[in-house]
Amino acid sequence: MPLKLYNTLTRSLEEFRPLHPDRVGMYGCGPTVYQLPHVGNYRSIVFFDLVQRYLRWKGFQPKLVVNITDVDDRTINGAAAAGVALGQVTEPLADGFFQDLGTLGVRGADVFPRATLHIPRMVELIRQLIERGHAYVTDQGDVYFDIGSWPAYGKLSRVDLSTVREGAGLELRDRATDEPGKRDPRDFALWKGAKDADRQVGAVWPAPWGEGRPGWHIECSAMSMAELGDTLDIHMGGEDLIFPHHEDEIAQSEAATGQPFARYWLHVKYLVVNGEKMSKSLGNVYRLGDIIERGFTPAGIRYLLLAAHYRKELNFTFDGLRDAQAAVRRLLDFQQRLAGTPVAPDATVSALPDIAARALVAFETALDDDLNTSAALAAIFGFVRESNAELDRARTVTEPDLRQARAALDRMDEVFGVLALANAAPGVDEQFARWVEQRLTDRQAARLHRDFAAADAIRAELTAAGVVIEDTARGTRWKKA
RNA sequence: GGGCACGUGGCGAAGUGGCUAACGCAGACGCCUGCAAAGCGUCCAUUCGGCGGUUCGAAUCCGCCCGUGCCCUCCA
């Protein structure tokens, strides 16, 4: 079954065919490390992870590159304000980012290039653009891309820059005076001549036309092409990056290499909080640490971020997070049930293999349709419900049947990674577990004597300790609430 | 001001011309259970922001209105 993706470039659903038969070059615009990322950022990152996982699931060999922008206006300003070197601001933030990725079960891109380590490649690209007449150097030592020299400009965003006016126009004029030597207000910076603040924080690199530092857009072009070649298969990012960032990437890359830059452009819609945009003034910018501190689980957060289709706005709320965790709980309960179901060689053949097979087809069909994660989750829950019903009916099943059910669940979680993440959560400590087991033994003894008052007292005690118990035909199970 | 999206039950969220509008959470009732929990079953939108229009038929297409989000030069 072919995978179809919505390509922003053509504004249509297209069958995905990689340039090279199996290998897939993917690039996702990663964080600028000037502050800790927030849930909005993670929606994008988790989406990159999803795409990579699914491509692998489908048998492709994806190579995912996610950049770390560690030099730009904001990082430099941050370092200058603190009076420290650039790296002293960016490195701790990058570390924090990687730590969060682990928390969210993001497998990790294959490469996380840092902009500051790819400056020579950027200089080389700019040199080519100047040579080919697509860029020019100003008296201030800045280098701009000459949009007039590139008629194809605007093919991704379809923005007609000549119609821009009013508020936007005013800003444009202000910027033009801010950037002397710029021939056309639409031209964008490839290189910025060194300024005092840059020197102060050590953000200065040599170039044939004078020292300075790269512009933002060129960073992504250089890093993606360095890792994936002149033409990559999939380029991803937040919807806000379509213009001008990705537009500029296309222009400068294609003008420099003469090759198509990226074949499929995927853009993730924004996440809103309580239906409102996330902003500092509203005080609703949540970082991962904030959410975990409120007692929410990484698996719940990951589930919530993946539960909505990536091209639809996602409403992030704490109520929604609670619901997501309940959904994860249901999946975990089912997984545990599968793990604990007794097998019997003489059990009659069950419907489990058939249920599993149908679920996998529905699952793949959903994801093939432009990564419809909501529909894929529906397939998983359908599998859970039908399997539960079958297990209620059968009581015992054959080992092969059970194995197929477990395999199907694992296979589907390879894409979502939610169960794996939930199971990776730090377990309860040994001593606590021993105490719980002891109390359960006591309760069981009371139950055998039909002393239900005593049994219920122990259960109440456990409930107060945050333990939920389940009596099954094979004994009592317990779990943390 | 211009451009692009979106608005589905209490909440979240699929579905984009035609079976009884997925799925999850919450809620109600029932089965199971000593009682619970878990699970299962049934129920929970005659209706898809509002008003018109096209069509044999629309949540799905068109128009207007209301609301929200993104972009209009360094914001995922």
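Residue numbers start from 1 in every chain, and the chains themselves are labelled A, B, ... in the order their sequence lines are given, proteins ahead of strands. Treat the numbers as computed from the prediction; the structure is a model and nothing was measured.
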Quiz item: For the side chain of Arg447(A), counting heavy atoms from C-beta on, which of G39(B), A76(B), G34(B) is nearest?
Solution: G34(B)
Exercise. Just compare C70(B), U73(B), G15(B) and give me whichever is closest to any side-chain atom of Phe188(A).
Key: U73(B)
Quiz item: ring pair (Phe, Tyr, Trp, His ring centres under 6.0 Å) with Phe296(A): which residues, sequence neighbours excluded?
Solution: Phe318(A)
Quiz item: Who pairs with Phe383(A) by ring pair (Phe, Tyr, Trp, His ring centres under 6.0 Å), at least two apart in sequence or on another chain?
Solution: Phe334(A)
Practice problem: Record whether the side chain of Asp319(A) comes under 3.5 Å of the base of G12(B) through a donor-acceptor pair of N or O atoms. | Solution: no
Quiz prompt | Arg330(A): partners by side chain to side chain contact (heavy atoms under 4.5 Å, CB included), with sequence neighbours left out | solution = Phe381(A), Val384(A), Arg385(A)
Practice problem: Would you mind telling me which residue lines up with the more 5' stretch of RNA chain B, Ala307(A) or Gly237(A), judged by nearest nucleotide? | Solution: Ala307(A)
Practice problem: Decide whether Asp73(A) and Tyr34(A) meet the rule of one side-chain donor and one side-chain acceptor closer than 3.5 Å. | Solution: no
Exercise. Report the relative orientation of the aromatic rings in His246(A) and His235(A); use parallel for angles under 30°, tilted for 30 to 60°, perpendicular for over 60°.
Key: perpendicular
Practice problem: State whether a side-chain donor-acceptor pair under 3.5 Å links Glu254(A) with Trp150(A). | Solution: no
Quiz item: For Ala347(A), what residues pass the side chain to side chain contact (heavy atoms under 4.5 Å, CB included) criterion, not counting sequence neighbours?
Solution: Ala344(A), Thr396(A), Thr398(A)
Quiz item: Considering only heavy atoms and no angle criterion, is a donor-acceptor pair shorter than 3.5 Å present between the side chain of Arg43(A) and the base of A76(B)?
Solution: no
Quiz item: Ignoring hydrogens and angles, are the base of C35(B) and the side chain of Arg459(A) linked by a donor-acceptor pair under 3.5 Å?
Solution: yes
Quiz item: Taking the six-membered ring for Trp, are Trp216(A) and His245(A) parallel (under 30°), tilted (30 to 60°) or perpendicular (over 60°)?
Solution: parallel
Quiz item: Taking the six-membered ring for Trp, does Tyr42(A) stack with A76(B) (centroid gap under 5.5 Å, planes within less than 30°)?
Solution: no
Quiz item: Are Tyr136(A) and Asp187(A) linked by a side-chain donor-acceptor pair shorter than 3.5 Å?
Solution: yes
Practice problem: With pairs defined as Watson-Crick or G-U wobble and both distances under 3.5 angstrom, please note down RNA chain B as a dot-bracket string, | for pairing with another strand. | Solution: ((((((((.[[[..)..(....]]].(((((.......))))).....[[[[[..)....]]]]])))))))....
Quiz prompt | Rounded P spacing from G24(B) to C44(B) in Å | solution = 16 Å
Quiz item: Among G69(B), A36(B), A14(B), which is the nearest nucleotide to the side chain of Lys277(A)?
Solution: G69(B)
Output one line per pair: protein atom, nucleotide atom from nucleotides 20-31 of chain B, and distance, for all N/O pairs under 3.5 Å.
from   : atom 1 : to        : atom 2 : distance (Å)
C25(B) : O2'    : Asp323(A) : OD1    : 2.6

Exercise. Provide the distance between the two C1' atoms, one in A26(B) and one in C66(B), to the nearest whole Å.
Key: 30 Å
Quiz prompt | Options A38(B), U16(B), A36(B), nucleotide nearest the side-chain atoms of Glu470(A) | solution = A38(B)
Quiz item: Taking atom P of U73(B) as reference, at what distance in whole Å does atom CD of Gln252(A) sit?
Solution: 18 Å
Exercise. Side chain of His38(A) only, please: which of C35(B), A76(B), A13(B) is the nearest?
Key: A76(B)
Self-check item: 5'-most by nearest nucleotide on RNA chain B - Gly215(A) or Lys269(A)
Solution: Lys269(A)
